[in-house]
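Read the structure below first, then the notes.
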Amino acid sequence: MAPYDDWNRVDEDEEDELQDTAFFDAKKDVILFCIDCSPSMLVLRPDPEDETKTTSHLYAALNSAMNLQKRKVVTGPNDSFGILLFNTTRKLDTPRTQGSEIKKNMFLYQPIGPISAPTIQELIQLLNAAQEDSDEIQKQFPPCDSRVAMGDVFTSCNWVIRDGAPKTATKRVFLITDEDDPHPSSKQLKISAQTTLEDLAQAGVIVEPFFIQSEDRRFDVTKFYSSVLQTNAFADDVDSDPFILNQSISISRIEDLLSQMRFREVAKRALFNIPFALAKGLTIGVKGYGLVTEQKKGEYKYFVDLGDRLEAAMVKTGQLDEDRQVEVDKSNIVYGMAVVGAAPSNDDAEDDSMAATKVVRSGQRPFYTADEMRSFRTLGLEPGLKLLGFKPRDTIKFEDNVKHSLFLYPEENTYAGSKRTFSALLKSMIKKKVVGLARGVLRRNSTPTIYAVLPQEEDVDEMEPAGFHIIPLPFADDIRSAPIDEGYIASDDLKDKARAWINKMTIKSGYVPDSYPNPAPHKFATTALAFHYDQLEASAFREEFNPDAFEDLTEPNVDLIHAINGAQKAGKLLKEWKVVLANDHSATLVIPVTGSKRKPDDASNDGIDVAEIKTRIESGSLMKASPTLLSFYCLKVDQLKAFCRSQNLSTSGKKSDLIQRVQDWCNSH
Amino acid sequence: MVAERAGYTVTMFVVDISKSMGATRTVALPPGPNGEERLTEMTHLQYALQYVKFKIQDMIYGARKTDQCGVVIFGTEETDNQINAQHGGYENVTEYIPIGTPSAATLRELDELEPSEVFGDPVDAMIVAVEAQNKHLGKKKTWTRKVILVTDGEGPIELEDWEATANKLNELNIALTVVGVDFDDQEFDYVQRDKPDFKRVNEEFFRNQFCPKVNDSVIGNLDRVLEQISLPDVKTSRSTLMNNVLRIGDVDTRTEEAMEILVKTCKCTSINRPKAFKKFAIRPKTAQEEEAEQTMNADYGDENKVVTVTYAQLKARTEYYVHKSDGKEDEEEQVKIEEDGEPRTEDLEKVEKEELIRGFKYGTSYVPCPEGQFPKLPTKKGIDLTGFIPEKKFRREYAMGEVQYIWGNPDNPTAQCALSSVVQAMYEKGVLAVGRWVTGDGRDPKMGVMSPALFEKVHCLLWVPMPFADDVRRYTFPSLDELRNKKGEIVNEHAYLPTEKQLEAMDDFVDAMDLMQAGDKDEKGNRTEWLDIRDSYNPSFHRLKQAMFHCAVVSDLDTNPLPPPHPELLKYFNPPKKFVKKAQSTIDNCIKVFHIKHVPKVVKVARKDGHNHANDDDDEMLLLDRKPSTSKPSQSHSQAQISPKPAEDGSETEDDDEDEMLIDKAEPTRRPNPLPTPARSLNNDDDMDIDPQRDPDRVIGRTNPLADFRANLERGDIVTKVVEDMSAVIQELILAPFASRRSKEMIECLIELREVCLQEDEVYAWNSFLSSLRRICIDSSPGNKVFWSEVRNVGRALSLISDKEAEKNGGSSQFSEMQATEFLK
């Protein structure tokens, strides 16, 4: 019997078709929020969103933690969280029976564990209580008199993570504090913080700081943190700037905390690490990342109602020889063409209860092995990219697309010198405005594909990294021909009228984020996904879901389009365009035969029919009143059908159905 | 050629199974695993049937009900055809497979064909086939009729009323293909030697009389035809047009100022995936079957013994299990089970699918959801126009999927006109439209952008889906340009930063690799562009298809393996040779100035103790300390020295399957303190392996090069790299101050290095190294003449490797024994 972990695995030959998100699901993330509870964090300030209320940094931090957990249900349902508070005198109600004791004046509010509705709800209740009574948080977590040594904080983080985090997870500590100099006088404490942090790094834990500064109090990282954190916090930024902290890390507005966290909520993971051959003897190492991937709804799972609880059922899929009811081990499977069942006359082999078999002489092998199948798919190529050459940027057309792109960044460990070479190539390609073309097999079992290699210039302000986007290009097999080759072309006059309202509806910024720190590259949220998860959450919290409260941000803002100030808006111009369109000569013209097949004799009549029906409709106020609809009955079925076709209506059914349809159309237009 | 209507075809195969088809021929097979030539013997009939089966397999693959075929054979001992039944005559012709949609069974029936002992008349057989086809199709004029005759042309042909037959073919608009076994073929440059006279007559009849008389006919040699059909072909499929509506503004309440354009949409690109293979496995024989086979074979005697193997087609079965244990087991434990991957089968209980409830996982909690779906977002079918964006602001890398066409309804001139005006205006202004697409009421919306497309006679929009906020990940990457040292100062020279010289070399390389002139010459003699995706075959798709066809046609893949892929499939795997040759000088220059070195993977030493704790991940990192070296003659690292910050890469957040080599910036004296967990102490083991005097891209350090050398070879690292690094280290050490202290060690190193070079076919490496060593010692300043004299004292055993020595070890050398002896004198 196959081991459990094989159960949900897809067959090798289907592996290639898997969404890239599978890579992300495979690994678990562990985030430990480590939040400062010092008096300054508890100071009540006016709520920036609601002036009648007050809030504190600690409230905002906990609120962000809660929101991030809620979001993580969507992006990483297997991930674990914990919340550790420091500088508070709150103690555990009951001493922990297992695991390490943590240092004094620290409180493990939530031990590390998988996201669950009850823990989120507990946090929500606390936050709600704090909204009712702004002192609630202070009551819950009374601050202590002196600061806890940061070294103790890091050691505690280490213990908490060690107790609760799965071995293979990526482990991170989100450190939230507003104190830039916790130990102003003690050099000893600074060194102890450094060494304990190194221990954390040794344990594979990364500390991601979120430093809060306010208008009255700037956060100066040089006082303490820049020297302490440099071993760790910039793990992926070591080359850049360990001294002056990256801007994203100091937060001037506490409201930005959540969006900052969202930037970092998914640990950066490479999808592949492959050689990129620029030419023979000129190979560099690159890592690939998925920056754009469709986020899908989680699939439903099966559960068994055991009365007192629901238990998830494990799904086990095996390959079965039906006649014998024997499961076949994966390693013994061979691949080939379908054969038909025992009776050759029976065409419908699928329904045949007898399993199809093929009998050959002993020693003959009519089927392929899994290895052979893999070599057919990859054509024997090992994972890697091979540069074919360069072309001008504009040779890559809008329509040359079938899949999302991937991002390449150099990797120095397999090929020393990759970075400088990569960097030089990038600069040269940007300068010459060219794109590269490369042939690549990205993973062991994937199809060789031709990629457009699109250089991206580094933009520090927009946080755009330097690197290459690789865009999989379609093969000839994937390109469909245009089924329509003739149609009406609008006059220049009409075009100008269209241009007038297009001018009004142009978004200058394109898809670029409106302003930092919005983490979304544009304003659209996955509405259907959000809708799904809002319901899921409501259900998990046993709350009522209110569909009316759901805001669909992808719907166009019609108010912006339509007139508020008359002439200024697109609406009025749209109206003018429509008038010109209605008077356009095309409305009365005969439709040319395009693409789709039609009986030759009615083609010439079509245009007239449509015009005729239109006049009948226009004089139709009478008709709507008249129940007989005689004027429609005068029309032939072909004429009615032609009209339906032109209005995207169905042309099926009897004449009476067609008339009904045309009549309905008239009533709604 | 006008594209044929897919399907709606009846193809009649007329196959010769006469006596002469039983002659055997030698057929070349694809080369064996070691490139050896392989041949096999088969009858003409088997060879010819490969073609017929291939054609039929193509129909099966296409899976169109209206793509039908029938098989008529001639040269059969019996006679079984409708004309014979009604009118007599037409002997030795059999309607073997009635017209129908072919299946795998059709192929199996063809496999059963054996050459007969008699001859049949091909023209008779064609008449039978045409008659059967005509009867089957009746008045269906729109169907395509084809007849494919496969013969060796060695049987007698009744040459009387063939013209009537040809006329009949023309009358019914039948396309005829004659495929001849060993027919002469000028285009294919094939002439059969010692061709029997009557075959020549028959061939001439087909080529010069019969085929020319038939309006739509081709004749070809079987070998050529078999080669042709292995050429990949792209089936252009026309997409179905779907109804939709393009909405601008609020059409519900502000009708006057809003617009609905009736549109049709269809696919512009769509990934064409190969058909799935079926899974099979050998079915073990039951005792009964074993016995039955033995008794049967006992009757036949040893020589005719037939031992068979049965492959059964497999079906996927899904079963559901649940933990049997009562509610005591807490969640934490469950998580652990999943992680350990150690199944405890005894706790599981099978459950029927009917008992299961569908639901979603919300963290550790489960949310039942009986229909498997929450109510859907109430959406309205249509494409809502949100706005327009400047074309320049469109980020090509955001395009997420397959492209769609959006056309004005072809039956509605106003819609066409309206769309055309929008498309033209967009094109003129240089903008793309942003929209929200809903395929049907209640379907999930998608965001995307639309680009104007102006064809000669029609205007349309092209749609490509764009990411939602949730679909974009914004990872941070370190800057490539701005490197800072520990003090926060910007570093201008570093091993990661390209130099002016390197940038220039890359510019030349990029220019030289311009594909716009890399193609063949056109009629005017101008070079054309190379690589056109519109002319590119998906190699996997066609290779898998070829494999599927092949295994359907042959009975044993070991004796008749799949031929290599068609060269057409591989044409874009590498740039044209001539083109690369032209660019070679720039490539060589890049290789020289960029000086990229492959760093062999360091094999992790197995741990003795089992204390794998906290950080024992599969992405465990090997921490390498490195002290900036004091003397480094190697020019490639001089830049690195400027910044004390070492080569460091690979964020710890990443996890690859490979081990990461992390070069810690800490100095060795400042080893991180051990963690409070006992497991950390094992880090000391690593210290043994790490030489602080080892350059990051080398496998050999300067502290104990010989030990490193041996260890690396033992681990099976790439010999070339080990030899290269050893050579470099030796050269560095003999030039270092106080080198004389280590000269004895260096001689030992040289002796071992030479031995390895000799054994491992690195003769050239040794010889060139030794020459350069001599130059460095004697000619360069300060050099090390003393060391060279020590080398000379060792004598012949350290000299060049001669051709004689090399040959003994299976290598070669450009130096003679004499030269080798002379070298050290």
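Every chain is numbered from 1, with letters handed out A, B, ... down the list of sequences.
Interface remark: of the candidates A:Leu494, A:Val304, A:Val334, A:Val334 forms the most heavy-atom pairs closer than 4.5 Å to chain B.
The existence of a salt bridge linking A:Lys427 and B:Asp481 is confirmed by a sub-4.0 Å separation between a basic side-chain nitrogen and an acidic carboxylate oxygen. In summary, A:Arg365 and B:Asp558 engage in a salt bridge, as defined by a charged side-chain N under 4.0 Å from a carboxylate O.
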Check the pair B:Arg396, A:Asn401 against side chain to side chain donor-acceptor pair (under 3.5 Å), reporting the backbone distance first and the verdict last.
CA-CA 9 Å; B:Arg396 184 63 180 76; A:Asn401 209 79; 2.8 Å; yes
Stepwise side chain to side chain contact (heavy atoms under 4.5 Å, CB included) test for A:Thr506 and B:Lys429:
CA-CA 10 Å; A:Thr506 300; B:Lys429 191 175 157 57; 3.4 Å; yes
For A:Lys316 and B:Tyr320, what are the C-alpha separation, side-chain angles and deciding distance, and is it a side chain to side chain contact (heavy atoms under 4.5 Å, CB included)?
CA-CA 6 Å; A:Lys316 183 190 169 225; B:Tyr320 302 89; over 6 Å; no
As a quick check of understanding, evaluate side chain to side chain contact (heavy atoms under 4.5 Å, CB included) for B:Val309 and A:Val359, giving each step before the final call.
CA-CA 6 Å; B:Val309 177; A:Val359 182; over 6 Å; no
Full working for side chain to side chain donor-acceptor pair (under 3.5 Å) between A:Asp478 and B:Asn538:
CA-CA 8 Å; A:Asp478 307 329; B:Asn538 179 341; 4.8 Å; no
Run the numbers on B:Asp507 and A:Ser428 for side chain to side chain donor-acceptor pair (under 3.5 Å), then give the verdict.
CA-CA 6 Å; B:Asp507 279 351; A:Ser428 192; 2.4 Å; yes
Side chain to side chain contact (heavy atoms under 4.5 Å, CB included) assessment of B:Ser270 paired with A:Arg480:
CA-CA 7 Å; B:Ser270 167; A:Arg480 304 280 185 96; 3.4 Å; yes
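Contact annotation for B:Glu319: both backbone and side-chain heavy atoms come within less than 4.5 Å of a heavy atom of chain A. Residue A:Ile502 touches chain B through both its backbone and its side chain, counting heavy-atom pairs closer than 4.5 Å. For a residue to count as touching a neighbouring chain, one of its non-hydrogen atoms must lie under 4.5 Å from one of that chain's; by this rule B:Val422 touches chain A with backbone and side chain alike. Of the atoms belonging to A:Ile471, it is side-chain heavy atoms, and not backbone ones, that fall under 4.5 Å from chain B. At a 4.5 Å heavy-atom cutoff, the contact between B:Val510 and chain A is made by backbone and side-chain atoms alike. Of the atoms belonging to A:Ile450, it is side-chain heavy atoms, and not backbone ones, that fall under 4.5 Å from chain B. Both the backbone and the side chain of B:Cys551 come within less than 4.5 Å of a heavy atom of chain A. Of the atoms belonging to A:Leu437, it is side-chain heavy atoms, and not backbone ones, that fall under 4.5 Å from chain B. Of the atoms belonging to A:Val328, it is side-chain heavy atoms, and not backbone ones, that fall under 4.5 Å from chain B.
A 4.5 Å side-chain heavy-atom check between A:Leu320 and B:Leu314 finds every atom pair outside the cut-off. With a 4.5 Å cut-off on side-chain heavy atoms, B:Phe541 and A:Arg377 do not count as touching. Residues A:Ser423 and B:Leu497 form no side-chain contact, since every pair of their non-hydrogen atoms from C-beta on lies 4.5 Å or further apart. Contact of the A:Phe475 side chain with the B:Pro539 side chain is registered, since non-hydrogen atoms from C-beta on lie closer than 4.5 Å. Looking only at side-chain heavy atoms (C-beta outward), A:Leu388 and B:Leu531 come within less than 4.5 Å of each other. For the pair B:Asn412/A:Gln647, a side-chain contact is recorded, criterion being any heavy-atom separation below 4.5 Å from C-beta on. For the pair A:Lys578 and B:Met259, the minimum side-chain heavy-atom distance is below 4.5 Å. Side-chain atoms of A:Tyr409 and B:Pro478, non-hydrogen and from C-beta on, do get closer than 4.5 Å to each other.
Cation-pi geometry between A:Lys419 and B:Tyr496 is satisfied (NZ or CZ under 6.0 Å from the ring centre, within 45° of the ring normal). Annotation: cation-pi geometry satisfied between A:Arg439 and B:Phe573 (NZ/CZ under 6.0 angstrom from ring centroid, within 45° of ring axis).
Atoms NZ and NZ, on B:Lys278 and A:Lys358 in that order, are 14.0 Å from each other to the nearest 0.5 Å. Rounding to the nearest 0.5 Å gives a distance of 13.5 Å between NE2 of B:His459 and CD1 of A:Ile484.
Not less than 6.0 angstrom separates the ring centroid of B:Phe277 from the ring centroid of A:Phe367. Aromatic rings of B:Phe394 and A:Phe398 (six-membered ring for Trp) have centroids within the 6.0 Å cut-off, being under it.
Classified by interplanar angle (parallel below 30°, tilted 30° to 60°, perpendicular above 60°), the ring pair A:Tyr415/B:His598 is tilted.
Judged purely by distance below 3.5 Å, without hydrogens or angles, the side chains of B:Ser479 and A:Glu458 pair a donor atom with an acceptor atom.
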